[in-house]
Amino acid sequence: MELDLAVQNAVITIAGMGTFEGSLGVKDGKVAALTAGSSAGAAKEVVDARGMHLLPGVFDAHSHYGLGGDDDFSTETRAAARAGITSTLSYLLKLDTDYESPYLEMRREGEAKSLIDFGFHFGVSSIEQAKRLTWAADQFGVVSHKYFMSFKRPGEGDYLGVHAVHDGILYQVMREVAKDPRVILVVHSENIEVVWSLADELRSSGADGLAAWNDSRPDFTEAHDIGTVGMFSELTGAKVFIPHVSSAMALEAAKRFASNRPILETCPHFLTHTCDDEYLGSLGKVNPPLRPKRDVEALWEAVFDGTIDLIASDHNSRKRANKSGDIWSSSAGFPGQGTMLPAILTEGVVRRGLALERAVELLCASPARIFGHYPRKGTLLPGSDADFVVVDLETWAAPDTESWGSFSDYSLHEREELAGWPVATYLRGRRIWSTDDGWTTDPAGEFLPATPVEG
Ligand SMILES: [Zn+2]
């Protein structure tokens, strides 16, 4: 058998297999050979990756496309491809009772424009929607649904397509979730009544900046609602997922539920920045907020000891102009996909000695497994999709937000150099970006229906 592509002499890291020098062979878009030797076999095209690392493509399970203005699949997946991301799950929340047309619209847009493979999370904010979870899994291949505990005032979530809720709805939704073992409830957990009262107080006192934002949404509001989620989950048996865990208290709250512990995601920004990084100003505004250094340290400990299950970007492609103004009026969220891989490789692997295999577990294998896409995605075992990234761990550079492809025009990391930038990214064996040739002109991203394995 002649391979379509062989990548030779790379340092390969695969979760569960460790790190070894070897070669990878691709045939018909799949991994056909994986060897510790210097050759994967005869191939039409041979790439010598000596001195480089080869990792599975990053599976970013948390992105928001289309919220920043003119950001869409073409702009954002260019930045993602350049940063080593080959699959993403994006939030599609504007559903109400008609799932079919928003789903088809976004899927068609992705199939026309996306450079990487993609799937969706839906939103659930009513009992009527909760009764359609099994139907959504069968009909659309979507098994994960976002619930916002923080939208409680009528009309507040309209811009996202989210209804106002209360904990009675949460409990009922979880009873429905528990009926289908494929379904995962993703719960944004912040006790918003406390946030309202603190924000009013701080704002009228003239407080501003990231520290004030953190003070208005303190760690205990996050921990409090995780406590509710964990208890309801134990009572109902629902599978729950806490996105963007930001604090030591949140980790402690989740760990109490040993029998049915929520799946825990954190994001690169909570591992690299604090609310004392005043130079960021409103650029660093996000929910939950950037926290003090002690929370960053607690999150790294949880990354090392296995408490954190995955890392995802929470990418939101805002423009710098929307982030100006005081902390109360600027928009929340920022771009994350363009720096996610180098940020974790630099701060985790290079500076803190995180095993490359653990980084690959958190960025690739684990998210693919949790959301029902493993082993097609997240690994490079023979038979998997040949999605991989060739990374240079030796060269340091600042993110180039002028030419990175994204709609957004800034990065939290713009003032610093990072290591671990990709030199080439491959999707199903096709090069979709490289330092030599730039982006492919032929977007071939496919929709990924979830196929969860039980147990
Ligand atoms: Zn998000």
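Whatever order the structure lists ligands and atoms in, that order sets their numbers, starting from 1. Sequential numbering from 1 along the given sequence is applied to the chain's residues.
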Legend entry - Protein N/O/S neighbour count - the Zn ion (ligand 1), strictly under 2.8 Å: 3
Is the cationic atom of [X] (NZ for Lys, CZ for Arg) positioned less than 6.0 Å from the six-membered ring centroid of [Y] and within 45 degrees of its normal?
X      : Y      : answer
Lys319 : Phe407 : yes
Lys377 : Phe59  : no
Arg153 : Trp196 : yes

Inset, instruction - Over 60° means perpendicular and under 30° means parallel, so classify the ring planes of His64 and His62, tilted if in between. - result: perpendicular
Inset, instruction - Please say whether more than 12 non-hydrogen atoms of neighbouring residues, nucleotides or ligands are located less than 6.0 Å from NE2 in His224. - result: no
Legend entry - Ionic contact status for Arg428 with Asp117, cut-off 4.0 Å: yes
